[in-house]
Amino acid sequence: MDTQLAQLIINGIAVGSIIALAAVGLTLTYGILRLSNFAHGDFLTMGAYLTLLGNNRGLPIWLSMVFAAVGTVAEMLLTEELLWSKMRFIRATSTTLIIISIGLALFLRNGIIFIWGGKNQNYNLPVTPALEIGNLKVPQNQLWVLGLAVLAIVLLHYLLQNTKIGKAMRAVADDLDLARVSGINVDRVIFWTWVIAGTFTSLSGSMYGLITAVRPNMGWFLILPLFASVILGGIGNPYGAIAAAFIIGIVQEVSTLWLGSQYKQGVALFIMILVLLIRPKGLFKGTM
């Protein structure tokens with residue numbers, strides 16, 4: 001029992017790493033753009049498929065991830081140009097934005113199925129034996145996932161705290177109108193918000209493909225844990241989203257000991273509701 005529990009905690013840390021990176025992108029777009037983007041999970045899926053595309057063309061997996069990140073960022077910037085900037089111009093309601101994002105999610109998912117088909121696929125990687133740590137077996141891919149996640153989070157912290165664009169992003173998240181009056185280039189902040197969100201979301205999808213099969217609905221099944229992490233961690237707070245993602249990832253995996261894997265989504269929702277009943281604004285203060 002103890003060994004099985006420890007194994008599930010390790011799996012939960014790997015899953016939490018993946019949720020954390022995508023949740024960062026989701027909470028940034030909400031905190032800065034006030035956009036609840038239900039297509040976020042499908043951009044995650046797109047990152048996994050673009051990684052698969054590069055990998056099948058003979059690129060090393062790390063270079064395939066870079067290719068996927070560039071492609072995902074380009075797609076997000078395109079949707080910003082065609083959709084979200086126009087919606088902000090006409091001051092569309094949050095309900096309208098949610099409906100559009102759901103439509104965009106369906107468009108992306110069906111486009112993936114049209115191009116790549118609906119079957120499960122895997123990266124072309126050599127088979128590596130799991131590392132044995134005591135009685136535990138830790139797949140090397142899970143260690144890579146955790147390592148990449150930690151590196152990305154450290155770089156995010158440096159960017160937000162020590163660069164001009166990071167400080168500008170925090171100012172816009174606090175008060176957009178005041179930031180604009182203060183001379184901050186809001187359009188530049190929006191551009192970099194999509195770049196960071198796209199990069200982290202694509203990396204999350206690429207990493208998810210390392211520990212599971214690449215399939216068209218992989219991001220859709222993560223959308224509830226993603227929103228749960230964002231809300232639980234305090235809307236607009238990337239650090240809170242990261243912490244909440246690890247909590248949800250670990251609790252989801254551990255819960256399979258008693259509930260089975262089919263209830264993972266329900267566990268994420270239950271955790272979110274339980275915490276919000278006690279702390280309505282989440283575990284941490286909202287915004288950056």
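Because the structure is predicted, anything quoted here is derived from the model rather than measured.
Apart from Ile278 itself, the hydrophobic cluster it occupies contains nothing, where clustering links Ile, Leu, Val, Met, Phe, Trp and Tyr at side-chain heavy-atom distances under 4.5 Å. The hydrophobic cluster of Val70 has no other members, since no ILVMFWY side-chain heavy atom comes under 4.5 Å of it.
Between Ser204 and Thr201, the side chains place no donor N or O within less than 3.5 Å of an acceptor N or O (distance only, hydrogens not considered). His40 and Thr29 share no donor-acceptor pair across their side chains, judged by distance under 3.5 Å alone.
Side-chain contact between Tyr208 and Val214 is absent, with no heavy-atom pair separated by less than 4.5 Å. Under the 4.5 Å side-chain criterion, counting only non-hydrogen atoms from C-beta, Ile13 is not in contact with Val145. With a 4.5 Å cut-off on side-chain heavy atoms, Met169 and Leu28 count as touching. Counting only heavy atoms from C-beta outward, the side chains of Trp62 and Leu148 never approach each other to under 4.5 Å.
Smallest separation of non-hydrogen atoms from Leu8 and Thr256: CD2-OG1, 3.7 Å. When every heavy atom of Ile32 is checked against every heavy atom of Ala173, the shortest pair comes out as CG1-CB, 4.1 Å. Between Asn122 and Leu52 the shortest heavy-atom distance is O-CD1, 3.4 Å. Residues Pro225 and Gln252 come closest through the heavy atom pair CG-OE1, 3.5 Å. Across every non-hydrogen atom of Ile223 and Phe38, the tightest pair is CD1-O, 4.0 Å. Nearest heavy-atom pair across Ala168 and Val189 is CB-CG2, 3.7 Å.
Not one N or O on the side chain of Asn141 forms a donor-acceptor pair closer than 3.5 Å with the backbone of Ile211. Proximity of a side-chain donor or acceptor of Asn110 to a complementary backbone N or O of Leu106 within less than 3.5 Å is detected.
If you chain together hydrophobic residues whose side chains sit under 4.5 Å apart, Val150 and Ile196 fall into the same group. Residue Leu50 is grouped with residue Ile115 when hydrophobic side chains (ILVMFWY) are merged at heavy-atom distances under 4.5 angstrom, including chains of intermediate members.
Heavy-atom neighbours of Tyr158 OH from other residues, nucleotides or ligands within 6.0 Å: at or below the threshold of 12.
Exactly one residue among Ile184, Thr193, Asn185 makes a side-chain contact (heavy atoms from CB on, under 4.5 Å) with Val172. That residue is Ile184.
Ionic pairing of Arg88 and Glu80 is present here: one or more N-O contacts between side-chain nitrogen and carboxylate oxygen are shorter than 4.0 angstrom.
Using the six-membered ring where Trp is involved, Tyr49 and Trp116 have ring planes that are tilted, between 30° and 60° apart.
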